[in-house]
Enquirer: 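Below: one structure in structure tokens.
Here is the naming used below: chain letters follow the sequence lines, and residue numbers restart at 1 for every chain. Keep in mind the model is a prediction, meaning the values are calculated, not measured.
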Protein chains: 2
Amino acid sequence: MKRKVDRRILRTRRLLNEALLALLVERDYENITIQDITEQADLNRATFYLHYSSKEELLVAALEEQFDELVASIEDLATGQPIWEDQTPELMTFRHVAEHAPLYKALLSERGTGYIIHRIIGYIAAYGEARLQEELPANIELSFPATLLSMHAAGSLFALVSWWVTNDMPYSPEYMAEVVLRMCNEGTRALIVGSETAVS
Amino acid sequence: MKRKVDRRILRTRRLLNEALLALLVERDYENITIQDITEQADLNRATFYLHYSSKEELLVAALEEQFDELVASIEDLATGQPIWEDQTPELMTFRHVAEHAPLYKALLSERGTGYIIHRIIGYIAAYGEARLQEELPANIELSFPATLLSMHAAGSLFALVSWWVTNDMPYSPEYMAEVVLRMCNEGTRALIVGSETAVS
DNA sequence: CTGATTTAACAACATTGTGTTGATTAAGCG
DNA sequence: CGCTTAATCAACACAATGTTGTTAAATCAG
């Protein structure tokens, strides 16, 4: 049943994997060619195509390995003894990203894969932040930086719009807008200091 | 001050713009070459380089035009008479996306520019949804689909992590995790039907 | 351990896209 | 009208792609 995987295959995939991650740190993803990867890994370029059909496929494989490592450490938390009680998955995530900062920075920053996505989310966030500063009266202040709040809302809106249009718009625009508004507004309310409920 | 732009320049840019958007609907962004674009626009390939230095630059220009159209319609709302009171920017956004569905679907779907981003957000959302179903007792139900809630949280987490690592981690992981948790949890609480506060 | 079989790795190939050049044509501007 | 400059065209060297058939190495049966 469980056929032994050829040692060469494992070795080659690992080499390609490491080569891509190494190159990602020092160069934009878009500017990394398959030639570069195989050259870095000291493999023939044709060998690449025996394992992956595109750069994207390799990147996904490499990333999933990274994520699985993160998820595994989170799962360990669930089963094992919690060292500190405040070790939430969210905190683990930020710690994990900090640990592999060069990689994630290369991957998520301006000139990486998500160039356009970044622009879109940034565009939404900038608009939201401007609107926030207009609408917030002077006597109300936020307990968190407005930028974080804007990024939160922009990310949520982007993800939901993206999911919605990709899945052929299974709900009406009105319904989706209501969901976004309620989720973001309730979250926002928690961060406002000095609102009328606080003046008890 | 305001020098008149040569009519030929405007014409060429508009043609390139339209050509790219037209091609985006029927082909993946990655598989569209500059040759294709100029061919579709009936322009010489060298002409492209007189205006843009890369495909990405053209795409950004084309998208910003789209967005500006959306923002303009929102701004109209703010100054003009509101036809219906419930026309929020969020609703306008979903309507705008629905109107240009083929373009946005091509742009945001699996095989578009944001292939990797999509995978990452999807990965986070799937994990979150699984965790949600585990932790939610049977007697508590959501007033919205769990998938929407997961996408909301995943989008928020992604945007914040992305912003954080891109800006060289200006806050501690602990602080960031607290922000994410509070914003998302408060939003989530609003969507839960049957929690103890509701059983008054 | 050994030979037969499988298949990964390789070198070489034709093809396609890129980015730039310099000379020519033609459209817009005052 | 004449000046300016955008667009065209042909040609270029270069880089990356994806696919050949061949060679070498790992696996497995006996």
Enquirer: Within the 4.0 Å heavy-atom criterion, would you say B:S53 contacts the bases, only the backbone, or no part of the nucleic acid?
Expert: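 Answer is nothing: B:S53 stays at 4.0 Å or more from every strand.
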Enquirer: What is the distance, rounded to the nearest whole Å, between atom CD1 of A:I37 and atom P of D:dG18?
Expert: 12 Å
Enquirer: Could you state the CD1-P distance from A:I34 to C:dT16, rounded to the nearest angstrom?
Expert: 18 Å
Enquirer: Would you say the side-chain atoms of B:S73 pair up with the backbone N or O of B:L70, donor to acceptor, closer than 3.5 Å?
Expert: yes
Enquirer: Between B:D28 and B:E30 (side chain of the first, backbone of the second, donor and acceptor by atom type, cut-off under 3.5 Å), is there such a pair?
Expert: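 Not confirmed, B:D28 side chain does not pair with B:E30 backbone.
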Enquirer: Please report the interatomic distance CD1(A:I34) to OG(A:S54), rounded to the nearest 0.5 Å.
Expert: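 The OG atom of A:S54 is 7.0 Å from CD1 of A:I34, to the nearest 0.5 Å.
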Enquirer: Round to a whole Å and report the spacing from CD of B:Q35 to P of C:dG19.
Expert: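 Atom CD in B:Q35 sits about 11 Å away from atom P in C:dG19.
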Enquirer: To the nearest angstrom, how far is A:E56 atom CD from D:dT17 atom P?
Expert: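 Taking CD of A:E56 and P of D:dT17, I get 11 Å after rounding.
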Enquirer: How long is the line joining CG of B:D42 and C1' of D:dA6, in whole Å?
Expert: 17 Å
Enquirer: Without decimals, in angstroms, what is the distance between A:Y52 OH and D:dT19 C1'?
Expert: 20 Å
Enquirer: Verify the neighbour count for atom CD of B:E39: are there more than 12 heavy atoms of other residues, nucleotides or ligands below 6.0 Å?
Expert: no
Enquirer: Please work out whether the ring planes of B:Y175 and A:F144 are parallel, tilted or perpendicular, with thresholds of 30° and 60°.
Expert: perpendicular
Enquirer: Any side-chain to backbone donor/acceptor pair from B:K55 onto B:Y29? Under 3.5 Å, distance only.
Expert: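 Such a contact is found between B:K55 side chain and B:Y29 backbone.
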Enquirer: Report the distance from atom CD1 of A:I9 to atom C1' of C:dC10, rounded to the nearest whole Å.
Expert: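 From A:I9 CD1 to C:dC10 C1': 16 Å.
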Enquirer: Is it the case that the side chains of B:Y104 and B:E99 hold a donor-acceptor pair, with the cut-off being a distance below 3.5 Å and no angle test?
Expert: no
Enquirer: At what distance, to the nearest 0.5 angstrom, does NE2 of B:H96 lie from CD of B:Q66?
Expert: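 Answer for the NE2-CD pair, B:H96 versus B:Q66, is 5.0 Å.
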Enquirer: Polar pairs (N or O, both sides) under 3.5 Å between protein and nucleotides 24-30 of chain C?
Expert:
| residue | atom | partner | partner atom | Å |
| --- | --- | --- | --- | --- |
| C:dA27 | N3 | B:R8 | NH1 | 3.0 |
| C:dC29 | OP2 | B:R7 | NH2 | 3.2 |

Enquirer: Once you build an axis from the first five pairs and another from the last five of the helix from C:dC1-D:dG30 to C:dT18-D:dA13, how far apart in angle are they, to 10 degrees?
Expert: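 Nearest ten degrees gives 20° for this helix.
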Enquirer: So among A:I120, A:I121, A:L181, A:I124, which one has a side chain to side chain contact (heavy atoms under 4.5 Å, CB included) with A:L157?
Expert: A:I124
Enquirer: For DNA chain C, find the residues of residues 43-51 of chain A with a heavy-atom distance under 4.0 Å and give them by number; none if there aren't any.
Expert: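 Here the set is A:L43, A:N44, A:A46, A:T47, A:L50, A:H51.
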Enquirer: So does B:T33 get a backbone contact from the side chain of B:D36, meaning a donor-acceptor N/O pair under 3.5 Å?
Expert: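 Between the backbone of B:T33 and the side chain of B:D36 there is a qualifying donor-acceptor contact (under 3.5 Å).
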Enquirer: Send over the distance from B:E39 CD to C:dT16 P, rounded to a whole Å.
Expert: 13 Å
Enquirer: Do B:E90 and A:E178 touch side chain to side chain, with heavy atoms closer than 4.5 Å?
Expert: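 Of all side-chain heavy-atom pairs linking A:E178 with B:E90, none is under 4.5 Å.
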